[in-house]
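In what follows, a structure is listed as structure tokens, so that the remarks can point back to it.
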2 protein chains.
Amino acid sequence: MDGSEKPPRGSAAHRVEAALLEEIAAGGIAAGERLDETRLAERFGVSRTPIREALSRLAAQGVLESGEGRGMRVAQYSREELAQMFEAMHEIEALCARLASQRLTLLARSQIEVAQAECKAAAEAGDLPRYLRANEEFHLSIYRAIENPYIFEIAADFRRRTGPFRAKKFADAGDLVASAESHDDLLEKIFSANSNIAAEGMRQHMAASFLRVLAAN
Amino acid sequence: MDGSEKPPRGSAAHRVEAALLEEIAAGGIAAGERLDETRLAERFGVSRTPIREALSRLAAQGVLESGEGRGMRVAQYSREELAQMFEAMHEIEALCARLASQRLTLLARSQIEVAQAECKAAAEAGDLPRYLRANEEFHLSIYRAIENPYIFEIAADFRRRTGPFRAKKFADAGDLVASAESHDDLLEKIFSANSNIAAEGMRQHMAASFLRVLAAN
DNA sequence: TCCCGGAGATTTGTATACAGAAAATGCCCT
DNA sequence: AGGGCATTTTCTGTATACAAATCTCCGGGA
């Protein structure tokens, strides 16, 4: 929830939390999969106590949930739930585009352009992991341009939660190239100095993306 | 983080979490104040373990933070940070009003009206704790009308975090009455079936509120 | 007077044990 | 074969103990 500040409480618990979060975001632990405290304790070489703390924190952040039966599971979303999350994300992304367009500094613009250049390079190389990282950085750089950490955090949180589902829409290298090209269209609108055009451009960009995600999930 | 679903993990830990959250939101524990595990354990009649779990979860939600020195403290915000949070909340609230206006069912409208009636009754009784609860419920009922749990959660989260600061704007019973009356104006706009008027109405309502909050903090 | 170091007190993080609840398994009867 | 009940196993939540880290206070020296 915090950006960058002081080390959070507990080093083993924190290490476990961060590792699990990264693994879940990359799709390494599937939605619905159960996390076993005892096995995780063995895996990380600690007692159950810091494991429970890490799991509990991830649950408080909505990454895990107590589902049917025992144990924590990676939060699962039905298609309907996924669609609702995308709808919320859709609104937040449009808001971000509008605000970014209103507040854009030359420095922020330059950073967005650097991020887009990396997207293009990764797409041309047909390198999916690299593209996924670059794509996230591209969108995060737009959120940063708003210069409000709370808005940044909301948008970044959606990215974190939907990451595993969104990754599935890229079937081949052509998809990467098309995605990177759609960024160009989007940036034209964000840089147009018309915040309504920016918001509408982001709506279209995200709608196209979500339709592909729903098809792939 | 969740609205209403299954009982969250842990009954003592959960009870403590909920009680602390309510107390913090009502301003009963001040921003920056340190929470002592041992004393809380005595107070709630449990061991440190569930206390630690509750505190850890509240930290994951941004309500508490590990600050300078030992222990968890209620999260503190500078005026600048508070203003940024309000700016973000302002945008989210306007978005909520717009969507609620677009999606309002008769049932949802009725529930909002019940909540507003309770606000008025509490204001007329000059009962601050009752008013604070009623005011929260009023706003939550608007978010519920959107029927998207993710948007609900974002807006509710801001309410949770800003609760202690917002509570300080009510200096006397007249403030309660004025606040309840401003809800009438707001509802007229939300019920107007014009989502732009609804959004603008909420912007004004929240801006007035934030200016009073900044003055009081 | 001020600063530093050491000792004691306090707090934090974790490991382990225990009790209770939930789930799984096995057995018996229809 | 299927269902119900009893028993066993597994998991969850919590209490307690311990070690390490941090904080506070006091005394001594410059």
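Below, chain A is the first sequence line, B the second, and so on; all start at residue 1.
A salt bridge between A:R130 and A:E118 is present, with a side-chain N of the basic residue lying under 4.0 Å from a carboxylate O of the acidic one. The pair A:R133-A:E137 does not meet the salt-bridge criterion, since no charged nitrogen lies less than 4.0 angstrom from a carboxylate oxygen. Salt bridge present: A:E53 and B:R52 bring a charged side-chain N and a carboxylate O closer than 4.0 Å.
Between the base of D:dT10 and the side chain of A:R70 there is a donor-acceptor pair shorter than 3.5 Å.
Atom CG in A:L40 sits roughly 15 Å away from atom P in C:dT14 (whole-Å rounding). Separating the CG atom of B:L55 from the P atom of C:dT12 is a distance of 9 Å, rounded to the nearest angstrom. Rounded to an integer number of Å, the gap from CZ of A:R48 to P of D:dT10 is 14 Å. The CZ-C1' distance, from B:F44 to D:dG13, rounds to 17 Å in whole Å. Per the geometry, CG belonging to B:D36 stands 14 Å off P belonging to D:dC23, to the nearest Å. Atom pair B:E53:CD and C:dT14:C1' shows a separation of 15 Å (rounding to whole Å applied). When rounded to the nearest whole Å, the span between CZ of A:R52 and C1' of C:dT16 equals 14 Å. Rounded to whole Å, the distance from CD1 on A:I51 to P on D:dG13 is 15 Å.
Here C:dT11 is the nucleotide among D:dA17, C:dT11, D:dT12 with the atom lying nearest to any side-chain atom of B:R34. Side-chain proximity of A:E37 to D:dT14, D:dT12, C:dG13: nearest is D:dT12.
The aromatic ring centroids of B:F165 and B:Y77 lie less than 6.0 Å from each other.
Each of B:T38 and B:T49 has a nearest nucleotide on DNA chain C; the 5'-most of these lies closest to B:T38.
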